[in-house]
2 protein chains.
Amino acid sequence: MKLSAQEEYGLRCLLQIAQHPGPDPVQISELATGEGLSPEYVAKLVRVLRQGGLVTSTRGATGGYRLSRPASEITMQQVIEVLDGPLFSEAFCQVHTGQGVSCIHRPTDCSVRTLWRWVGGALQQVLEKITLADLLNGPKSMGVRLFEAGQNTPLAGAEPSL
Amino acid sequence: MKLSAQEEYGLRCLLQIAQHPGPDPVQISELATGEGLSPEYVAKLVRVLRQGGLVTSTRGATGGYRLSRPASEITMQQVIEVLDGPLFSEAFCQVHTGQGVSCIHRPTDCSVRTLWRWVGGALQQVLEKITLADLLNGPKSMGVRLFEAGQNTPLAGAEPSL
DNA sequence: TCTAATCTATACCATTTAGTCAACAAGGCT
DNA sequence: AGCCTTGTTGACTAAATGGTATAGATTAGA
């Protein structure tokens with residue numbers, strides 16, 4: 001339930017790419033000095049971002065990275081999924097090897113699973129509303145969006161079909 | 001941003017302890033067979049729960065574990081904190097070694113930090129409302145509580161002082 | 001064509017987390 | 001007292017994650 005390093009630094013790199021002025025792509029070295037990370041590590045992070053379809057790269061001299069689509073069309077939900085996989089997978093209870101007394105053998109009333117569905121739903125509710133552009137525009141923009149989200153569909157909206 | 005094994009299994013054990021009928025404490029062996037885990041592993045999990053103050057133990061023959069307070073007074077927030085530490089620590093940005101361009105040197109407008117504050121706030125909002133008792137009473141109880149929480153203070157309530 | 005700058009890939013080591021093992025401490029029971 | 005059942009502890013191995021190193025592929029420009 002904690003943020004992984006890959007999520008934290010991956011997001012920071014993505015922000016720098018989004019923030020970059022001019023038509024030129026951002027180079028790994030820029031990202032590295034900007035975030036205070038080693039170029040090798042940044043290379044690894046942006047590879048994940050690229051394979052996840054969030055950025056595109058051009059190789060060779062003068063190469064670098066660009067967002068694959070406008071910042072306003074990249075949600076935090078997508079970013080986190082790319083950097084760390086889905087928040088709560090469907091196969092969750094199968095993966096955890098408990099012999100079923102409270103889960104596999106009684107899949108309909110597994111209260112633990114229900115809890116995580118709820119929590120995951122609430123989280124997703126928030127993460128889907130926030131885009132990269134919101135982060136670039138600062139807290140104000142984010143606040144407005146979240147407030148609107150809260151008004152339209154309170155937490156009850158996160159209910160994932162009990 | 002994923003659930004750790006310790007969180008998942010620790011919570012399941014705690015639920016079994018809470019669910020246990022009669023005045024006798026629950027023994028490690030019961031928990032182990034109930035969840036399909038090795039007794040040794042359960043012992044380790046339950047140690048964390050005890051050190052976190054969620055359960056009390058009695059030693060010797062006929063010993064075992066009990067909740068340290070009523071299930072309705074144990075929130076998911078507390079459980080997760082015991083099993084995996086605080087969700088978002090205050091020292092978060094200090095820990096992550098980025099040389100500050102977007103954070104340490106400009107601590108007041110670090111958009112990443114603001115994001116996590118929001119997300120953490122929303123999460124906490126949900127986790128504080130759900131108690132062990134709710135999980136035992138099943139989805140209905142949980143749904144009602146969350147809905148009420150959503151009504152009184154929508155997501156806006158999670159705003160942590162922008 | 002050559003070179004330098006850049007991204008790409010894989011292998012590697014360190015740290016953390018998951019889970020096991022074995023020796024020990026404490027309390028009930030005969 | 002002695003024994004047996006139970007919790008307690010710390011050390012240990014295995015797997016996942018965090019982060020580094022190195023060799024290779026691609027392109028702009030001289």
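Lettering follows sequence order; numbering is per chain, from 1.
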Near-strand residues of residues 61-71 of chain B, defined as heavy-atom separation under 4.0 angstrom from DNA chain C
B:Ala61, B:Thr62
Indicate yes or no for a side-chain donor-acceptor contact from B:Asn137 to the backbone of B:Asp134 under 3.5 Å, with no hydrogens or angles considered.
no
Rounded distance in Å - NZ (A:Lys2) to P (C:dT16)
12 Å
To the nearest angstrom, the CD-P distance between A:Gln6 and C:dT17 comes to 16 Å
At a heavy-atom distance below 4.0 Å, what parts of residues 20-28 of chain A sit against DNA chain C?
A:Val26, A:Gln27, A:Ile28
Neighbours of DNA chain D within residues 47-55 of chain B, by heavy-atom distance under 4.0 Å
B:Arg47, B:Arg50
Does B:Glu7 reach the main-chain N or O of B:Leu83 with its side chain, forming a donor-acceptor pair under 3.5 Å?
no
Rounded interatomic separation in angstrom, taking CG from A:Leu3 and P from D:dT17
14 Å
Is there a side-chain contact between B:Val119 and B:Met1, using heavy atoms and a 4.5 Å cut-off?
yes
Using a 4.0 Å heavy-atom cut-off across all strands, classify A:Thr58 as base, sugar-phosphate, or nothing.
sugar-phosphate
Enumerate donor-acceptor pairs with a distance under 3.5 Å from any side-chain N or O in residues 52-67 of chain A to protein atoms, sequence neighbours excluded.
unit_1: A:Thr58; atom_1: OG1; unit_2: A:Gly64; atom_2: N; d: 3.4
unit_1: A:Arg66; atom_1: NH1; unit_2: A:Pro23; atom_2: O; d: 2.5

Side chains of A:Gln16 and A:Val26 in contact at under 4.5 Å (non-hydrogen atoms)
no
Once rounded to the nearest 0.5 Å, what's the spacing between atom CG of A:Leu3 and atom CG of B:Leu87?
10.0 Å
Return the value, rounded to whole Å, for the distance between atom OH of A:Tyr9 and atom C1' of D:dT17.
13 Å
What's the shortest heavy-atom distance between A:Val126 and B:Ala122, and which atoms?
CG2-CB, 3.8 Å
Indicate for each nucleotide in nucleotides 20-25 of chain C, in 5' to 3' sequence, whether protein heavy atoms under 4.0 Å reach the base (B), only the sugar-phosphate (S), or nothing (-).
BB---B
Between B:Glu8 (CD) and C:dG19 (C1'), how many Å, whole number?
16 Å
Report the distance from atom CG of A:Leu45 to atom C1' of D:dT20, rounded to the nearest whole Å.
13 Å
For B:Thr75, does its backbone N or O pair with a side-chain atom of B:Gln78 as donor and acceptor, under 3.5 Å?
yes
Can B:Glu8 and B:Arg12 be counted as an ion pair, charged N to O under 4.0 angstrom?
yes
With rounding to the nearest 0.5 angstrom, report the CG to CG distance, A:Leu37 to A:Leu31.
9.0 Å
Tested for side chain to side chain contact (heavy atoms under 4.5 Å, CB included) against A:Leu135, the lone hit among A:Ile74, A:Val79, A:Leu15 is A:Leu15
B:Gln6 vs B:Val48 side-chain heavy atoms within contact, under 4.5 Å
yes
Test side-chain contact (heavy atoms from CB on, under 4.5 Å) applied to A:Pro70 - qualifying residues, sequence neighbours left out
A:Ser72, A:Glu73
